[in-house]
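Single-structure report; data block below.
The chains referred to below are lettered A, B, ... by the order of the sequence lines, with proteins before strands, and numbering in each begins at 1.
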Amino acid sequence: MSATLSPEREHLSLRTIDPYTRRRKQRSRFVRGLLLAAMVVAVIPLFLILIEVVRRGWPAMGWEFLTQVQPSGRTPGGGYVHGIIGTFYMVGFATLISVPVGILAAIYLVEYGRGPLTGIIRFFTDVMTGVPSVFVGLFIYALLVRQIGFGAFVGGLGLSVMMLPIIVRSSEEMLRLVPEDQRAASAGLGARKWQTIMKVVLPTAAPGLTTGAMLAVARAAGETAVLLLTALGSLQVVNQFQGQPIASITLLVYRGARQPFAEGQQRAWAGALFLMVMVLLLTLSARYISSRSRR
Amino acid sequence: MTDPDPESALDARPGLQKRTVYEMGTAPVSAEVGAAVFDVEHVDVRYGGNLAVRDISLRIPKGEITALIGPSGCGKSTLLRCLNRMNDLIDGASVEGSIFYHGENIYAPEVDPAEVRRRIGMVFQKPNPFAISIYDNVAFGPRLHGLKKGLDDRVEKALRQAALWDEVKDKLNDSGLALSGGQQQRLCIARAVALEPDVILMDEPASALDPISTLAIEDLMRQLRGHFSIVIVTHNMQQAARVSDRTAFFTVDMQKGIRVGELVEYDRTETIFTNAGDERTEAYITGRFG
């Protein structure tokens, strides 16, 4: 290639800009602007929601809101404690089911999965992620609610059906991120497969698994359609596991927003604010955990 | 060292499969070997049905350092990974032929691969300590197998054997990943040594390290020689010449467009490097190809 560097070749100034380069620069600037605009458009609704929910929900938020049940009629004050408790029960129960089952299923897919069965499971997990939640509610309704009634158990079951595919898919990704040489190191020391999984793979993937589970919990906490057909809703604090309709924050927000008087609507805004803060906290702690593990 | 008749020694062990034993010099490739730790006999390895190495036979001596050298794709790493059944972990890998470890076929159906890997330590190309403390890295193997008594002493001994103790004795609780690359590789050697294997397989253990760390690893290998039988894969010929007692030279055979690894020559290292019997070996060693 040294032949092209003949002595008579002139040095071109780096500042010379030919028309072609100018056009490239313009195009680059244009694409950059387009991307920025798209980003702004995508973020606007999020910010509007955030501002509106805080603005409208803040006045009704307070100790009373977190500790009292909703009064009847057009009475102001009171709160959503029954919904908070109901959501806590149902999401907690759903988490207890779906986190272990989801992580175990992901371990199977990543560490043992061979052949067509794995492909089928993965395909249906993808399909399940996209199933509208009202179908899940209908399914639980037809299968269980008509036999054993409404309640926290069937509600939690519905939520776990929603959470399961999210957890399986996120856990699968996290387990795949564990470097293969770590598994080889463990196997090279005579570890059996389950020993490698318990002592190397799971500890390494733990922060990622936790993050995935937390995002699934956040998703379940905001679920409404499933609970309409399984938990149904209630006006009091319910401590019964099954057989009695139970409230959730989302159900109370849904019904409160449709009440034809300002007091009820204001409580619904406060409920939305509470839920939003909870989801935000979960997301933030999920991000914190995963960023800490990357150090 | 005297070599007891391998055939009768084998017959004395129950439950072993019948095998052909070659007289010295009649096996396709041979070298005078005293007590053997491995007897590799007619090993073929396939990946997903494609032949990767063909008909390898060699005896690996006890207490010495044996180097496997050759160009890329010649199957030296593949053969190394057969010696502790690491190839079992690769989908579609299959091994034919026999590998006798102290006279016992490690590919016999009743042999547990995890047990094989416990007895035969391995050090990988890229240092791969676990993301846990230095102490826990070394204690990992013993803990796996319930060897919890005297664990501190065991860890110390392994770190001393790996020539790492003085550098890490004050920071045993630091992460293994906080060490330098060369130290990490010595940590991996300590981790393997902690299980008191009698063989250590090393798959290009210094190829990811700088020259100083490489020399440290080579020094270490010389120290470990005698306590352990070492089999090292390297594509650094100088390294093979510096550390090994015996060298097996592999090459790639192109037949009908299929690349298959083959053992060309196996002998004392000085013989291979000064007076190779095969011109392909000489060509490789003198840098005419590879």
Side-chain angles (χ1 to χ4, degrees), chain A residues 103 106-122 171-212 286-295, chain B residues 77 80-81 83-92 112-132 136-147 158 175-178 184-185 187-197 199-203 208:
Chain A
I103 291 178
I107 291 175
Y108 177 82
L109 288 176
V110 175
E111 304 290 336
Y112 294 94
R114 299 274 178 278
L117 179 66
T118 311
I120 292 168
I121 292 175
R122 196 168 291 136
S171 306
E172 207 189 329
E173 298 298 323
M174 291 305 144
L175 293 173
R176 272 187 213 292
L177 284 181
V178 177
E180 210 47 54
D181 66 1
Q182 298 280 299
R183 293 186 179 87
S186 174
L189 292 165
R192 274 152 220 294
K193 193 149 194 167
W194 65 268
Q195 287 179 310
T196 299
I197 292 168
M198 294 304 293
K199 297 192 171 214
V200 176
V201 178
L202 285 182
T204 311
L209 298 178
T210 314
T211 308
R287 293 198 67 148
Y288 176 69
I289 289 171
S290 63
S291 74
R292 248 175 65 110
S293 72
R294 236 175 271 133
R295 282 189 311 182
Chain B
S77 282
L80 188 81
R81 296 169 70 88
L83 297 179
N84 68 342
R85 295 195 61 170
M86 282 301 276
N87 275 337
D88 290 28
L89 304 176
I90 297 171
D91 273 342
D112 176 1
E115 193 56 39
V116 173
R117 292 181 209 123
R118 174 190 172 172
R119 308 265 195 94
I120 302 171
M122 186 155 203
V123 176
F124 298 83
Q125 184 170 359
K126 206 175 126 229
N128 57 356
F130 299 121
I132 50 180
D136 290 339
N137 261 287
V138 183
F140 188 90
R143 280 177 177 150
L144 273 182
H145 303 288
L147 304 168
S175 167
L177 297 174
Q184 286 189 15
Q185 195 61 302
L187 178 62
C188 292
I189 293 172
R191 184 174 66 184
V193 163
L195 277 171
E196 295 168 2
V199 188
I200 305 174
L201 309 177
M202 299 187 173
D203 190 356

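- B/Pro197 does not touch chain A: none of its heavy atoms, backbone or side chain, sits under 4.5 Å away.
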Begin with the C-alpha distance, continue with both residues' side-chain angles, and end with the deciding distance and a verdict on side chain to side chain contact (heavy atoms under 4.5 Å, CB included) for B/Phe124 and A/Asp181. CA-CA 8 Å; B/Phe124 298 83; A/Asp181 66 1; over 6 Å; no
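- In terms of heavy-atom pairs under 4.5 Å with chain A, the best-connected choice from B/Val116, B/Asp91, B/Leu195 is B/Asp91.
- Chosen from A/Ser186, A/Pro203, A/Pro179, the residue pairing most often with chain B at heavy-atom distances under 4.5 Å is A/Ser186.
- In this structure, the side chains of A/Leu189 and B/Arg118 stay at 4.5 Å or more apart for every pair of heavy atoms.
- In plain terms, the two heavy atoms of B/Pro129 and A/Gln182 that are nearest each other are O-NE2, 3.0 Å.
- Ranked by heavy-atom pairs under 4.5 Å with chain A, the first of B/Asp112, B/Val123, B/Leu89 is B/Asp112.
- In terms of the salt bridge (Lys or Arg N to Asp or Glu O under 4.0 Å) criterion, A/Glu173 has no residue partners (sequence neighbours excluded).
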Mind running side chain to side chain contact (heavy atoms under 4.5 Å, CB included) on B/Phe140 and A/Val200 for me, showing each step along the way? CA-CA 10 Å; B/Phe140 188 90; A/Val200 176; 3.5 Å; yes
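- No part of B/Arg85 comes within reach of chain A, as not one of its non-hydrogen atoms sits under 4.5 angstrom from that chain.
- Residue B/Asp88 does not touch chain A at all, counting heavy-atom pairs closer than 4.5 Å.
- Shown here is B/Arg143, whose CZ atom has more than 12 heavy atoms of other residues, nucleotides or ligands within 6.0 Å.
- Here CZ of A/Arg183 is found 12.5 Å from CG of B/Asn128. Values are rounded to the nearest 0.5 Å.
- Close approach to chain B, defined as a heavy atom under 4.5 Å from one of its heavy atoms, is seen in A/Gly190, A/Ala191, A/Arg192, A/Gln195 of residues 190-198 of chain A, taken by number.
- Only the backbone of B/Ile120 comes within less than 4.5 Å of a heavy atom in chain A; its side chain stays farther off.
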